[in-house]
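These numbers come from the heavy atoms of this one structure, side chains and all, not from hydrogens, waters or symmetry mates. The first residue of the sequence shown is numbered 1, and numbering continues consecutively from there.
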Amino acid sequence: RQFNKPEVTARLHPARLHRYARAPPTVSGPIVMTKFLARLLIAATALIGVTAHAADAAAPAATASELENTLYLDLPAGRVVITLRPDLAPKHVARIKELSRQGFYNGLKFHRVIDGFMAQTGDPTGTGAGGSGKNLPPEFSTEHHVRGVLSMARAQAVDSADSQFFIMFGPAPSLDGKYTIWGQVKSGMEYVDAIKKGVTYDNGTVLGEPTKIVKMQVAADVEKKAK
């Protein structure tokens, strides 16, 4: 069956500074100034350290729940971090994580890529007609298909979504409410932009060797192994 193709620091008081600036040119003058500059440098260094520490503290590590709902999509150009949306599509998110943990997506091609629109993958046959063999019920929402959104491809029947999905290059309001949105690119969209584009005269079919997924994993699994 042919899958539907989505439509398309501290400061020195001025008075003290003036006192040093006006000191007579004696031997002790330069020595005092050197000591002053040394103290100033130490104070500035300490302030920088405090600022850096505060910045680190402001960016806490991801929680276990956040990691469980994050995907690492490794492409030839680099890693794409995807935030899953179980609040929108719990069944789709669960299935995507299940397939990812099975290694299903590793090595699959982006078989249909339309510049400015979307990049589609998830078919083990690379033809646009394959899948994992398990259909999913629709979980449409009021979210919009904008740049970085991940949504599920399907055939004419609304409950025919399987394993194929697409990543949006740009907005496509015509898809809203008709395809299930299940994720959003958090970082690495530039690597998605680097995916090889298809030809416009054949509805985005990619000629030659398409870009392939290196690996797609649940972040919680990756971080657990790294410990």
(Q) Quick check: do Tyr179 and Phe165 have side-chain heavy atoms less than 4.5 Å from each other? (A) no
Q) Which distance, rounded to the nearest 0.5 Å, do you find between the CD1 of Ile82 and the CD of Gln184? A) 9.5 Å
**Q.** Heavy-atom closest contact (Thr211 atom, Pro76 atom, distance)
**A.** CG2-CD, 3.9 Å
Q. Excluding sequence neighbours, so at least two apart, what forms side-chain hydrogen bond (donor to acceptor under 3.5 Å, both in side chains) with Asp159?
A. none
Q | All side chain to side chain contact (heavy atoms under 4.5 Å, CB included) counterparts of Thr70, not counting sequence neighbours | A | Tyr72, Val81, Ala219
(Q) For a quick check under 3.5 Å, do Arg95 and Ser132 share a side-chain donor-acceptor pair by atom type? (A) yes
Q) Hey, mind stepping through Thr125 and Thr127 against side-chain hydrogen bond (donor to acceptor under 3.5 Å, both in side chains) and telling me if it holds? A) CA-CA 5 Å; Thr125 72; Thr127 65; 2.7 Å; yes
Q.
The criterion is side chain to side chain contact (heavy atoms under 4.5 Å, CB included); which residues satisfy it with Ser141, sequence neighbours excluded?
A. Leu88, Glu143
**Q.** Set of residues satisfying side chain to side chain contact (heavy atoms under 4.5 Å, CB included) with respect to Asp221, sequence neighbours excluded
**A.** Arg101, Val218
Q: Report the residues that fulfil side chain to side chain contact (heavy atoms under 4.5 Å, CB included) with Ala194, sequence neighbours left out, ordered by chain and then residue number.
A: Ala77
Q. Would you say Pro124 and Leu108 make side-chain contact, with heavy atoms under 4.5 Å?
A. yes
**Q.** In one Ile/Leu/Val/Met/Phe/Trp/Tyr side-chain cluster, 4.5 Å: Leu99, Val222
**A.** no
Q) Is atom NZ of Lys196 surrounded by more than 12 heavy atoms (other residues, nucleotides or ligands) closer than 6.0 Å? A) yes
Q) Do the non-hydrogen side-chain atoms of Pro86 and Trp182 ever get within less than 4.5 Å of each other? A) no
Q: With the side chain counted from C-beta on, respond yes when Ser100 and Met216 share a heavy-atom pair under 4.5 Å apart, and no when they do not.
A: yes
Q.
Ser151 and side chain to side chain contact (heavy atoms under 4.5 Å, CB included): which single residue from Lys178, Met168, His145 fits?
A. His145
Q: Begin with the C-alpha distance, continue with both residues' side-chain angles, and end with the deciding distance and a verdict on side-chain contact (heavy atoms from CB on, under 4.5 Å) for Phe110 and Ile213.
A: CA-CA 8 Å; Phe110 281 88; Ile213 295 174; 3.7 Å; yes
Q) Taking 4.0 angstrom as the limit, do Asp74 and Arg79 come out as a salt bridge? A) yes
Q. Are Leu73 and Leu67 grouped together when hydrophobic residues (ILVMFWY) are joined by side-chain heavy atoms under 4.5 angstrom apart?
A. no
**Q.** Closest non-hydrogen atom pair between Gly122 and Ser163, with its separation
**A.** O-OG, 2.8 Å
Q. Is any side-chain heavy atom of Leu71 closer than 4.5 Å to a side-chain heavy atom of Thr83?
A. no
Q | Any donor-acceptor N/O pair, Gln120 side chain to Ala153 backbone, under 3.5 Å | A | no
Q. Are His144 and Pro171 close enough that some pair of their side-chain heavy atoms sits under 4.5 Å apart?
A. no
Q. Looking only at heavy atoms, which two atoms of Val113 and Ala119 are closest? And how far apart?
A. CG1-CB, 3.9 Å
Q: State the CG-NZ distance between Asp162 and Lys134, to the nearest 0.5 angstrom.
A: 10.0 Å
**Q.** Flag, side chain of Glu66 to backbone of Thr63, donor-acceptor distance under 3.5 Å
**A.** yes
(Q) Working note: Thr205 + Arg112, criterion side-chain contact (heavy atoms from CB on, under 4.5 Å); need CA distance, chi angles, decisive distance, verdict. (A) CA-CA 5 Å; Thr205 298; Arg112 179 172 179 253; 5.9 Å; no
Q: Specify the closest pair of heavy atoms between Leu75 and Val214, including all atoms of both residues, with the distance to one decimal.
A: C-CG2, 3.8 Å
Q. Can you list the other members of the hydrophobic cluster that holds Val199, where links are side-chain heavy atoms under 4.5 angstrom apart?
A. Tyr201, Leu207
**Q.** Nearest heavy atoms of Pro137 and Lys91, plus distance in Å
**A.** CG-CD, 3.6 Å
Q: For Met189 and Arg147, run side-chain contact (heavy atoms from CB on, under 4.5 Å): C-alpha distance rounded to whole Å, both residues' side-chain angles, the deciding distance at 0.1 Å, then the answer.
A: CA-CA 9 Å; Met189 191 63 196; Arg147 178 172 169 80; 3.3 Å; yes
Q. Will you find, in the side chains of Ser160 and Asn135, an N or O donor that is under 3.5 Å from an N or O acceptor?
A. no
Q.
Using side-chain heavy atoms (C-beta onward) and a distance below 4.5 Å, is His92 in contact with Arg85?
A. no
**Q.** For the student: nearest non-hydrogen atoms of Phe117 and Ala172, plus distance
**A.** CE1-CB, 3.7 Å
Q | Reported CG-to-CD1 distance for the pair Leu175 and Ile181, which is rounded to 0.5 angstrom | A | 8.5 Å
Q.
Using side-chain contact (heavy atoms from CB on, under 4.5 Å), reason through Met152 and Ile96 one step at a time and then give a plain yes or no.
A. CA-CA 10 Å; Met152 220 65 175; Ile96 290 290; 3.7 Å; yes
Q: Cation-pi check, Lys197 to Phe169: give yes when NZ or CZ is under 6.0 Å from the six-membered ring centre and within 45° of the ring axis, no otherwise.
A: yes
